[in-house]
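Working notes, structure below.
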2 protein chains.
Amino acid sequence: MENQNISDIIESYLKQILAESQQVEIRRAEIADQFNVVPSQINYVIKTRFTIQDGYVVQSKRGGGGYIRIEKVKLLDNLDFIDSLVAAVGDHITRHDGLAVVRSLFEAGAVNRREVNIILAAIDKDAINTGDRDLDQQIRARVLISILNHLRYES
Amino acid sequence: MENQNISDIIESYLKQILAESQQVEIRRAEIADQFNVVPSQINYVIKTRFTIQDGYVVQSKRGGGGYIRIEKVKLLDNLDFIDSLVAAVGDHITRHDGLAVVRSLFEAGAVNRREVNIILAAIDKDAINTGDRDLDQQIRARVLISILNHLRYES
DNA sequence: GTTTTCTTGACTAATGTTGACTAATATTAT
DNA sequence: ATAATATTAGTCAACATTAGTCAAGAAAAC
């Protein structure tokens with residue numbers, strides 16, 4: 001823990017607020033200043049850690065009084081939950097984004113911890129590794145979608 | 001013990017920490033420096049001495065604040081059974097034979113019906129379908145083995 | 001002597017950080 | 001109203017910082 005990078009620290013800070021209050025609204029320059037980073041780093045943190053796969057929706061506005069608002073969405077409330085995850089997967093998906101999808105499934109209560117581990121094993125880099133990165137991402141997407149579609153009917 | 005090579009020494013060092021603390025997190029370059037070896041030797045030590053068969057799970061992250069984390073996991077008592085299935089899968093497996101492996105898992109009580117369906121979805125022909133039959137069988141084998149390896153321990 | 005294991009380093013890949021430039025929106029001046 | 005200016009956030013590419021892979025050669029075991 002003594003050597004966390006600054007992106008992780010900013011992520012933690014924002015998620016801590018989100019743990020209590022459903023949404024957080026920031027001024028980009030203010031947060032950047034607070035953590036002593038350039039403003040665009042805030043975009044990086046959001047882009048890599050607050051995606052729809054992670055269960056967050058981000059809105060922003062430029063100009064005077066501008067803001068970035070991060071909202072935690074409750075996926076279970078959404079009847080098209082599986083549909084939205086399938087859409088999020090698309091026809092290519094990285095391991096990183098695949099992990100986020102599985103985490104969303106877990107957080108939504110659609111799968112338990114044991115099932116999470118089985119799914120992660122199925123889309124692991126050691127499992128899907130043809131040597132062609134693009135092909136791997138396609139296969140990973142299909143495997144994930146196949147699992148998602150089965151969950152639709154099983155649960 | 002009088003003729004230990006450097007890999008053995010690094011192994012001992014890490015296992016000594018693990019004897020007390022469930023997991024150890026290192027910076028590869030730091031440990032390499034400490035023992036005066038090239039960084040990739042750390043990968044060698046981990047790959048040969050901290051496998052899932054030994055009861056270790058390894059995670060890592062690159063980039064700033066990167067790390068290698070080795071976690072000691074509690075192995076289950078079905079190891080020989082899993083070994084035999086891994087051997088049966090080999091490096092190629094058809095859907096038909098894959099189904100038999102999954103059925104064995106179920107009949108042995110290693111997985112429940114829901115888990116069976118998740119695994120079957122993962123190795124389904126629609127999920128793994130590159131157009132190259134041989135490649136599909138290789139991928140299916142790796143996906144299955146990855147799942148089998150995760151069934152070795154409690155998580 | 002052969003085979004296996006260990007050691008090394010060049011190359012690759014993933015992730016994080018920074019800053020110059022762009023775009024959108026609001027405010028102020030005309 | 002319109003134009004100019006100020007005030008925000010977004011994008012992108014270069015660079016930095018980590019770990020991973022692989023294959024060749026050395027050392028050890030057999």
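A, B, ... follow the sequence lines: proteins, then strands. Residue 1 opens every chain. Values below: every heavy atom of this structure, side chains too, minus hydrogens, waters and symmetry copies.
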Is the shortest distance from a Lys or Arg side-chain nitrogen in B:R152 or B:D77 to a carboxylate oxygen in the other one below 4.0 Å? no

Do B:I6 and B:V45 have side chains that get closer than 4.5 Å, going by heavy atoms? no

Proximity to the side chain of A:R28 - top-ranked nucleotide from C:dT17, D:dC22, D:dG10: D:dG10

Separation of D:dT7 atom P from A:E30 atom CD, nearest Å, is 15 Å

Heavy-atom check, side chain of B:I93 versus side chain of B:Q137, under 4.5 Å: no

Between CG of A:D97 and P of C:dT15 the distance, given in whole Å, is 10 Å

Report the distance from atom CG of B:N43 to atom C1' of C:dT8, rounded to the nearest whole Å. 13 Å

Reckon A:R133 has a side-chain N or O less than 4.0 Å from the OP1 or OP2 of C:dT12? no

With sugar-phosphate meaning primed atoms plus P, OP1 and OP2, does B:R49 contact a base, only sugar-phosphate, or nothing at under 4.0 Å between heavy atoms? sugar-phosphate

Under 4.0 Å between any heavy atoms, over every strand shown, what does A:T48 touch: base, sugar-phosphate, or nothing? Just pick one. nothing

Taking the side chain as every heavy atom from C-beta outward, state whether A:R69 and A:Q23 have any atom pair closer than 4.5 Å. yes

Classify the side chain of A:S40 versus the base of C:dG19 as yes if they form a donor-acceptor pair under 3.5 Å and no if they do not. yes

Please report, rounded to the nearest Å, how far the P atom of C:dT15 is from the CD1 atom of A:I46. 19 Å

Closer than 4.0 Å, any side-chain N/O of A:S7 to the OP1 or OP2 of C:dT17? yes

Rounded to whole Å, CG of A:D132 lies from P of C:dA13 at a distance of 12 Å

Out of A:R49, A:R103, A:K72, which residue meets the side-chain hydrogen bond (donor to acceptor under 3.5 Å, both in side chains) rule with A:D54? A:R103

Rounded to whole Å, the CG-P distance (A:D33 to D:dA9) equals 12 Å

A:E11/A:K15 ion pair, N-O < 4.0 Å: yes

Any base atoms under 4.0 Å from A:I68, or only sugar-phosphate, or nothing? Heavy atoms, all strands. sugar-phosphate

Base, sugar-phosphate or nothing for A:R69? Non-hydrogen atoms, less than 4.0 Å. nothing

How is A:G66 classified with respect to the nucleic acid when contacts are heavy atoms under 4.0 Å: base, sugar-phosphate, or nothing? sugar-phosphate

Starting the side chain at C-beta, find the nucleotide from D:dT8, D:dT21, D:dT18 nearest to B:R62. D:dT18

Figure out the CD1/P separation between A:I26 and D:dT8, and round it to whole Å. 14 Å

So, OP1 or OP2 of D:dG10: does either fall under 4.0 Å of a side-chain N or O from A:S60? yes

If each of A:G64 and A:I6 is mapped to the nucleotide of DNA chain C with the nearest heavy atom, which maps nearer the 5' terminus, i.e. the 5' end? A:I6

Can you tell me if B:K61 touches the phosphate of D:dG20, counting only side-chain N or O atoms and a distance under 4.0 Å to OP1 or OP2? no

Between CD of A:E11 and P of C:dG16 the distance, given in whole Å, is 9 Å

Assign B:Y67 to base, sugar-phosphate, or nothing according to its heavy-atom contacts below 4.0 angstrom with the strands shown. sugar-phosphate

Counting only side-chain nitrogens and oxygens, does A:R27 get under 4.0 Å of the OP1 or OP2 atom of D:dT8? yes

